[in-house]
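Chain naming here is simple, since letters A, B, ... match the order of the sequence lines and numbering starts at 1 in each.
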Number of protein chains: 2
Amino acid sequence: MSKPPTLEPRRTLTLRDVSEASGVSEMTVSRVLRNRGDVSDSTRERVQEAARRLGYVPNKIAGALASQRVNLVAVIIPSLSNMVFPEVMTGISDTLEDTGLQPVVGVTNYSPDREESVLYEMLSWRPSGVIIAGLEHTDAARAMLAQAGIPIVEIMDIDGTPVDSAVGISHRRAGRQMAEAIIAAGYRNIAFLGTMMPHDHRARKRLEGFEDALAKAGLSLVDREFYSGGSALLKGREMTEAVLTRSPQVDFLYYSNDMIGAGGLLYCLHKGLDVPGQIGLAGFNGVELLDGLPRKLATMDACRLEIGRVAAEIIAGKHSSGTIGGEVIELFPTLQKGDTIRG
Amino acid sequence: MSKPPTLEPRRTLTLRDVSEASGVSEMTVSRVLRNRGDVSDSTRERVQEAARRLGYVPNKIAGALASQRVNLVAVIIPSLSNMVFPEVMTGISDTLEDTGLQPVVGVTNYSPDREESVLYEMLSWRPSGVIIAGLEHTDAARAMLAQAGIPIVEIMDIDGTPVDSAVGISHRRAGRQMAEAIIAAGYRNIAFLGTMMPHDHRARKRLEGFEDALAKAGLSLVDREFYSGGSALLKGREMTEAVLTRSPQVDFLYYSNDMIGAGGLLYCLHKGLDVPGQIGLAGFNGVELLDGLPRKLATMDACRLEIGRVAAEIIAGKHSSGTIGGEVIELFPTLQKGDTIRG
DNA sequence: ACGCATGCTGTTACCGCTAACATATCGCAG
DNA sequence: CTGCGATATGTTAGCGGTAACAGCATGCGT
C-alpha cells in the first residue's frame, strides 16, 4: 500500500486541530460543526473549509459523554433472515430518518439469554430508546429495561404486560380469526404445521388462539407437525407431504408462517390436488413473496411496516397520543383469503 | 405506570454509586467489572453483589473515551431485504462472537450519498474496523476510509481497487463462467433479465462478463429486460412472460438473481414449457430458497457466509495471512447446474 | 535482617467534547 | 454619553470512566 498523496493520517484529528487550522477556539469550531449558537458567516466558512480540508470526523463518544445525549435507538430483534423483521426495520428507519435518531440493530436468534446480553451491551451505550421484539424477557432483562430511564417499546405482540409501551397485534386473536374463517368455509379436518422453536412465543400464541376457536366449534386439530432450521420453503414441502401421507383425511393446512405455507402450496399444486376445493391452506405474515406464487396463499398481514413506524414515533416522542409512556397500541391485521380458502 | 417495588431509578448509576455501596474505590470497581488486574476474591464478590443489586450498567461511552478502545465494527451494506446480506451478517456475527467485537449495521439502500453519510456517522463512533459492501464509493467516502486509521474490508466484489483489504468473488468471472456453461450446453438465443438499479455494480459486472463470453463465442443477447422495486418473485414472472412473448425464439433466460429466476421458473413450469430442454434458466446467489422449488434453478453461490467470516477475521486480526492490511482475497463460487440447464 | 517481587488498592491526570457562564464589541434608545 | 440588549467568541469545569503510577502489606530467597 503506497501512502496516500495528501496528508498522512498520523493520528486521529480533534477539535483542536481544526481550531488551530482556522484560528478560532475549539468551542467555536464545535458550534459551527453542530450548527448551534451564533457564529459569524466569515468564521463559519473558515472553519468549515478547514474541517473539510483536514478530513475531520467528530468524535461522538466524547460529544455524547459531554452532552449526555446519544442519538441512537437500540432495536433488538430475533432474526434478520425471515423477511418479517427487515420490514419492521424499514418502518423504523423511515420514521427515524428526519429526527436525528439512528437505529442500531441487535440480533438474538430467539435466545432469551442472548437477548439479555445484547440488551446489556446496547444499554451500556446509553441509547435514547429501546425497541425490542416480544413481551417475554428474562427477569434481568426486564429489570434493565425498567431501570433504564428511557422510552421502551415492545413490538409485534400485545398479549401480555409490557414494561413501558407496546405496539403490535394480538396473535391469539389472529389465530382465532383464521380458525373461524376456516371453519366458516366448511373445513373440518384441520392440521397445523409450524416451527418448533420453544421461544417463538408469537407462533405459539397464534396456535393457542387457533385451537381455542376450534374447540369452541367442537373441533380439534387432527394432526400437527413441527420443524426447525433449514430452508423454510423446503420444510413446508416436506412437512406437508408427511402430514398428508399420515393423515389423508386432512382438508386444511394451517401454517405458522407464509414461507412454509408457500412450500406446502407448491407441493399440493405439484401433486395436482384441488386447492382450495379438496384442501385449503393458510399461512401468516402477508409476505410480499406470495404475490409471485401461482396461486395466492391465504394469510394475515402482521402490520410490520406500521409496527416499525409507530414504535419509532413513540421513541421520537412524536406519536399522536399525548400520554407519556405506558401505552399499548393494538394494530389489527386483515385476513386475506387469497385463492386457498374456498368461498 | 406504578413505580417498581425496589429502588426508584432516579438517575443513572455510575461507578461511584457502586463504589460507595461496596466501600472500595471506583478504580477497584472498574477492575472487577472488567475482570482486569488483581482483585481479592472477597472484594470482587462484594463489588459484584453491589453492582448486581443496584442494577448497574457500565457506561461504555465514558469507558471508550478513556481507554481509546471501542469494541464496535461498522458493517455497511446496501439492503437487508434480499437474503444475501443477512447471510453475510451471520458469517460476521459468528466470527466476531468470541472476540469481544460487536457488529453494528448501517443500510444504504444502494445510494452512494446515503452510504457516505452512514459511513460518516459510524466513523464518528470510532469503530475498530469497517466492513463495507462493494468497491465503488464517493470520493469523500473513500477519503474517510483511507484516513480512518483502522482496518477496512470491502466485501462481495474484487473487480476493482480496494482502499485496504477486500474479500469477495469476481462477478465478471462469474458472469463469464455462467455464459460458457450455457453455450456449452448448446443454448444460443439468450436473454438477460435483471435489476435496473444503476448502483448495483455487482449485477452490472456479472452482465459485462456474461456478454464478454457471449461475444467471444460470436453471440450476443437476443433480448433484455430490467425491473426495479416490487416483489422479486412476481417481477420475475412478469418479466419472463414479457420476454417470451416479445422474443419467442429465446431458449435461455439468465437472471441477475435467484429470486426473479425462481419467479421465471414457476412461470415456465406453469406454462408447461419443457425445462431445460426447450428453455433453460439460471440465476445467481445460491439462496436456500431454491431448495424448495419444484425444480432446482441453476445458480452460482456468492460465498456469502464465507465472505462474512473472512472479513470479520481480518478485522479481528486473526486471519491466517501474516500481512498487515491491504490484501485481496478472492473466493471462488461454484456453478450449480441444478435442473434447469441441460446436459 | 534485607531486598525485592507480588498482590491488592488508591490517586491523579487525562480522553475529546459541550453546557454554562464570562467577556468583548457594537448599535442604538434614552 | 450612558446603559443595555444582541451578537460573537472565549474560558472553565466537568461528563464517567481508565491508564499509569504510587502506596503498602506480605512472603520469600539469601
Side-chain angles (χ1 to χ4, degrees), chain A residues 11-48 50-51 54-72 100 120-121 123-128 148-149, chain B residues 10-48 50-51 54-72 100 121 123-128 148-149:
Chain A
R11 58 187 188 75
T12 60
L13 301 159
T14 72
L15 271 190
R16 157 150 254 104
D17 296 291
V18 183
S19 121
E20 280 168 2
S22 54
V24 297
S25 72
E26 301 176 36
M27 196 59 226
T28 301
V29 176
S30 170
R31 279 195 267 258
V32 170
L33 297 178
R34 284 179 302 147
N35 218 359
R36 192 154 309 208
D38 297 314
V39 181
S40 72
D41 289 350
S42 67
T43 311
R44 177 186 314 282
E45 265 176 58
R46 210 142 37 85
V47 169
Q48 282 172 336
L54 295 175
Y56 172 71
V57 177
N59 185 332
K60 287 225 178 179
I61 296 174
L65 183 61
S67 69
Q68 306 282 32
R69 260 182 274 106
V70 180
N71 69 336
L72 301 177
Y120 183 80
E121 186 75 16
L123 284 181
S124 75
W125 286 100
R126 300 289 187 264
S128 297
Chain B
R10 80 176 80 247
R11 57 188 189 73
T12 59
L13 300 159
T14 71
L15 270 189
R16 157 149 253 106
D17 296 291
V18 183
S19 121
E20 281 168 1
S22 54
V24 297
S25 71
E26 301 176 35
M27 195 60 227
T28 302
V29 177
S30 171
R31 280 196 267 257
V32 171
L33 297 177
R34 283 178 303 146
N35 217 0
R36 192 158 308 218
D38 297 314
V39 181
S40 71
D41 290 349
S42 66
T43 310
R44 175 185 317 281
E45 265 176 58
R46 210 142 37 84
V47 169
Q48 282 172 337
L54 296 175
Y56 173 72
V57 178
N59 185 332
K60 287 224 176 177
I61 296 175
L65 183 61
S67 68
Q68 305 281 46
R69 259 182 272 106
V70 180
N71 69 337
L72 302 176
E121 186 75 15
L123 284 182
S124 74
W125 287 100
R126 300 289 187 266
S128 297

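- As rounded to whole Å, 15 Å separates atom C1' of C/dT9 from atom CG of B/Leu15.
- Across all non-hydrogen atoms, the minimal contact from A/Thr43 to A/Thr28 is CG2-CG2, 3.9 Å.
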Do any N or O atoms of the protein come closer than 3.5 Å to N or O atoms of nucleotides 10-13 of chain C, and which pairs are they?
residue, atom, partner, partner atom, Å
C/dG10, OP2, B/Ser25, N, 2.8
C/dG10, OP2, B/Ser25, OG, 2.8
C/dG10, OP2, B/Thr28, OG1, 2.9
C/dG10, N7, B/Arg31, NH2, 2.8
C/dG10, O6, B/Arg31, NH1, 3.3
C/dG10, O6, B/Arg31, NH2, 3.3

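- Put simply, the side chain of B/Val18 does not reach to within 4.5 Å of the side chain of B/Leu13, judged on heavy atoms.
- Regarding A/Arg36, its CZ atom lies at a distance of 17 Å from the P atom of D/dA8, rounded to whole Å.
- In this structure, B/Leu65 places its CG atom 8 Å from C1' of C/dC17, rounding to the nearest Å.
- Within the structure, every side-chain polar atom (N or O) of A/Tyr56 is placed at least 4.0 Å from both OP1 and OP2 of C/dG16.
- Distances from the side chain of B/Ser30 to the nucleotides C/dC17, D/dT18, C/dT18 place D/dT18 closest.
- Side-chain contact between A/Asn71 and A/Lys60: present, with at least one pair of heavy atoms (C-beta onward) separated by less than 4.5 Å.
- Considering every non-hydrogen atom in both A/Trp125 and B/Leu72, the closest pair reads CZ2-CD1, 3.9 Å.
- Note: A/Leu15 CG to A/Glu20 CD = 11.5 Å, rounded to the nearest 0.5 Å.
- Counting to the nearest Å, the P atom of D/dC15 and the CZ atom of A/Arg69 are 16 Å from each other.
- Summarising the geometry of A/Thr14 relative to A/Tyr56, their closest heavy-atom pair is C-CE1, 3.5 Å, with the distance given to 0.1 Å.
- Nearest heavy-atom pair across B/Asn35 and B/Arg44 is OD1-NH1, 3.5 Å.
- A/Ser67 OG to A/Arg34 CZ: the interatomic distance, rounded to the nearest 0.5 Å, is 7.5 Å.
- In this structure, B/Glu45 places its CD atom 16 Å from C1' of C/dC8, rounding to the nearest Å.
- Between A/Gln68 and D/dG14 there is no side-chain polar atom (N or O) within less than 4.0 angstrom of OP1 or OP2.
- Base contact: A/Asp38 has a heavy atom under 4.0 Å from a base atom.
- The phosphate of D/dT9 has OP1 or OP2 within less than 4.0 Å of a side-chain N or O from A/Ser40.
- Considering all non-hydrogen atoms of both residues, B/Ser19 and B/Ser25 come closest at CB-C, 3.9 Å.
- For B/Ile61 and C/dT18, the CD1 to P distance is 13 Å, given to the nearest whole Å.
- Here D/dG14 presents its P atom at 13 Å from CZ of B/Arg16, a figure rounded to the nearest Å.
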Dot-bracket encoding of pairs in DNA chain D, which uses [ ] for pseudoknotted crossings and | for another strand, Watson-Crick or G-U under 3.5 angstrom:
||||||||||||||||||||||||||||||

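- Residue B/Arg34 places at least one side-chain N or O closer than 4.0 Å to OP1 or OP2 of D/dA19.
- Considering only side-chain atoms of B/Ser67, the nucleotide from C/dT9, C/dT18, D/dT18 that sits closest is D/dT18.
- Of all heavy-atom pairs spanning B/Leu65 and A/Ala62, the tightest one is CD1-CB, 3.8 Å.
- Checking D/dT18, D/dG17, D/dT9 against the side-chain heavy atoms of B/Ala62 singles out D/dG17 as nearest.
- Residues B/Ala66 and B/Arg44 both approach DNA chain C. Their nearest nucleotides, taken by heavy-atom distance, put B/Arg44 toward the 5′ side.
- In this entry the distance linking CG of B/Asn59 with P of D/dG16 reads 7 Å, nearest Å.
- Phosphate contact (OP1/OP2 of C/dT9, side-chain N/O of B/Thr43, threshold under 4.0 Å): present.
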